[in-house]
Enquirer: 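What follows is a single structure, and I will ask about it in a moment.
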Amino acid sequence: QVRLVESGGGLVQAGGSLRLSCAASGLTFNRYTMGWFRQAPGKEREVVGAISWSGDTTYYADPVKGRFTISRDNAKNTVYLQMNNLIPEDTAVYYCAADSAHWIVQIIPGAYDYWGQGTQVTVSS
């Protein structure tokens, strides 16, 4: 059974940093593209970023570009999202997702096969 578990969320002041982790089990982790998405109250789920199987290719949405960094450790079956210079607009539930069906990194939620339960990130001003 595939399982993705996010951790590392919390409450932080604007300008602060958080590091999210997503631990995967039940899949061949190094054969999956991994994505991070977020959903704020009353808004649609949106892509934050994604990383290819090897980690050589990454994608970042414009609102987080230059502030967030995605990385993965295939030996630990874990993907990370380092979030720096957080702003209140980053407040959302952050989700980890896995995609096995595409060679090219995907940026829409429907492309991903498996999802974690989410972790709350709240940024105060």
Side-chain angles (χ1 to χ4, degrees):
Q1 183 176 2
V2 174
R3 183 175 175 85
L4 304 177
V5 180
E6 302 97 334
S7 62
L11 175 64
V12 65
Q13 292 186 354
S17 298
L18 286 173
R19 190 192 194 199
L20 305 184
S21 298
C22 173
S25 61
L27 52 76
T28 305
F29 184 75
N30 64 349
R31 305 301 292 176
Y32 284 75
T33 293
M34 301 299 296
W36 284 99
F37 297 81
R38 67 186 184 185
Q39 188 165 19
K43 296 184 178 180
E44 296 183 354
R45 188 169 299 186
E46 64 180 12
V47 66
V48 175
I51 186 167
S52 64
W53 297 351
S54 66
D56 291 335
T57 302
T58 55
Y59 167 84
Y60 299 97
D62 286 342
V64 308
K65 195 171 298 181
R67 299 188 296 118
F68 291 9
T69 302
I70 297 173
S71 62
R72 66 191 296 164
D73 186 339
N74 289 343
K76 297 181 179 179
N77 287 358
T78 302
V79 62
Y80 305 95
L81 181 66
Q82 178 67 47
M83 305 185 294
N84 298 327
N85 299 316
L86 286 160
I87 58 177
E89 290 76 13
D90 295 321
T91 296
V93 177
Y94 283 70
Y95 297 91
C96 176
D99 169 32
S100 66
H102 304 91
W103 286 102
I104 302 173
V105 170
Q106 302 295 301
I107 62 172
I108 60 173
Y112 287 78
D113 304 304
Y114 304 106
W115 294 81
Q117 82 289 346
T119 185
Q120 177 71 48
V121 172
T122 303
V123 184
S124 63
S125 60

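The figures that follow rest on heavy atoms only: side chains count, while hydrogens, waters and symmetry mates do not. When a residue number appears, it is its place in the shown sequence, counting from 1.
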Enquirer: Give a yes or no on whether Val12 and Leu81 share a hydrophobic cluster (residues Ile, Leu, Val, Met, Phe, Trp, Tyr; joining criterion: side-chain heavy atoms under 4.5 Å apart).
Expert: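 Yes, it is one cluster - the side chains of Val12 and Leu81 are joined through contacts under 4.5 Å.
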
Enquirer: What is the minimum heavy-atom distance between Leu4 and Ala98, and which atoms define it?
Expert: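 Shortest heavy-atom contact: CD1-N, 3.9 Å.
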
Enquirer: Can you pull the disulfide bond (SG atoms under 2.5 Å apart) pairs that have at least one residue in residues 95-125, sequence neighbours excluded?
Expert: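 For residues 95-125: Cys22-Cys96.
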
Enquirer: How many angstroms lie between CG in Leu18 and CE in Met83, if you round to the nearest 0.5 Å?
Expert: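 One gets 4.5 Å once the value is rounded to the nearest 0.5 Å.
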
Enquirer: Are Leu20 and Val121 packed together at the side-chain level, in the sense that at least one heavy-atom pair is separated by less than 4.5 angstrom?
Expert: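 Answer yes - side chains close enough.
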
Enquirer: Output the distance between atom CZ (Arg67) and atom CD (Gln82), rounded to the nearest 0.5 Å.
Expert: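 Result: 12.0 Å between the selected atoms.
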
Enquirer: Taking the side chain as every heavy atom from C-beta outward, state whether Thr122 and Gln120 have any pair of such atoms under 4.5 Å apart.
Expert: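 With C-beta onward as the side chain, the pair touches.
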
Enquirer: Tell me which pairs pass ring-ring contact (aromatic ring centres under 6.0 Å, His included) where either residue lies in residues 9-44, with sequence neighbours left out.
Expert: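 Every ring-ring contact (aromatic ring centres under 6.0 Å, His included) pair that includes a residue of residues 9-44, provided the two are not neighbours, is Phe37-Tyr112, Phe37-Trp115.
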
Enquirer: Report the distance from atom OG1 of Thr91 to atom NZ of Lys43, rounding to the nearest 0.5 Å.
Expert: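 These two atoms lie 9.5 Å from each other.
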
Enquirer: In Å, rounded to the nearest 0.5 Å, how long is the span from CD of Glu44 to CD of Gln39?
Expert: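 One finds 8.5 Å between CD of Glu44 and CD of Gln39.
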
Enquirer: Checking Glu6 now: which residues fulfil side chain to side chain donor-acceptor pair (under 3.5 Å) with it, not counting sequence neighbours?
Expert: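 Side chain to side chain donor-acceptor pair (under 3.5 Å) check on Glu6 returns Gln117.
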
Enquirer: Apply side-chain contact (heavy atoms from CB on, under 4.5 Å) to Arg38 and Asp90, showing your working.
Expert: CA-CA 9 Å; Arg38 67 186 184 185; Asp90 295 321; 2.9 Å; yes

Enquirer: When rounded to the nearest 0.5 angstrom, what is the spacing between CD in Gln1 and CG in Leu27?
Expert: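 Here the interatomic distance stands at 11.5 Å.
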
Enquirer: Write out all pairs satisfying side chain to side chain donor-acceptor pair (under 3.5 Å) with one or both partners inside residues 7-23, taking only residues at least two apart or from two chains.
Expert: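 Residue pairs passing side chain to side chain donor-acceptor pair (under 3.5 Å), neighbours aside: Ser17-Asn84.
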
Enquirer: Checking Thr78 against Asp73 for the side-chain hydrogen bond (donor to acceptor under 3.5 Å, both in side chains) test, could you report, in this order, the C-alpha distance in whole Å, the side-chain angles of both residues, the deciding distance, and whether it holds?
Expert: CA-CA 5 Å; Thr78 302; Asp73 186 339; over 6 Å; no

Enquirer: Taking all atoms of both residues into account, what is the closest heavy-atom pair of Pro88 and Ser125, and its distance?
Expert: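 Here Pro88 and Ser125 meet closest at CG-CB, 3.7 Å.
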
Enquirer: List the atom of Ser71, the atom of Val79, and the distance in Å for their closest heavy-atom pair.
Expert: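 What the structure gives for the nearest pair is O-CG2, 3.1 Å.
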
Enquirer: Does anything in residues 39-95 pair up under ring-ring contact (aromatic ring centres under 6.0 Å, His included), and if so which pairs, sequence neighbours excluded?
Expert: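 Every ring-ring contact (aromatic ring centres under 6.0 Å, His included) pair that includes a residue of residues 39-95, provided the two are not neighbours, is Trp53-Trp103.
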
Enquirer: Side-chain heavy atoms nearer than 4.5 Å, only ILVMFWY residues, links allowed to pass through others: does that put Ile70 and Val64 together?
Expert: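 Yes.
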
Enquirer: The criterion is side chain to side chain donor-acceptor pair (under 3.5 Å); which residues satisfy it with Lys65, sequence neighbours excluded?
Expert: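 Result, side chain to side chain donor-acceptor pair (under 3.5 Å) vs Lys65: Asp62.
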
Enquirer: If you measure from CG on Asp56 to CD1 on Ile51, what distance do you get to the nearest 0.5 Å?
Expert: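 Atom-to-atom, Asp56:CG and Ile51:CD1 are 8.5 Å apart.
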
Enquirer: What pair of heavy atoms forms the shortest contact from Ser52 to Thr33, and how long is it?
Expert: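 Shortest heavy-atom separation between Ser52 and Thr33 comes out as CA-OG1, 4.1 Å.
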
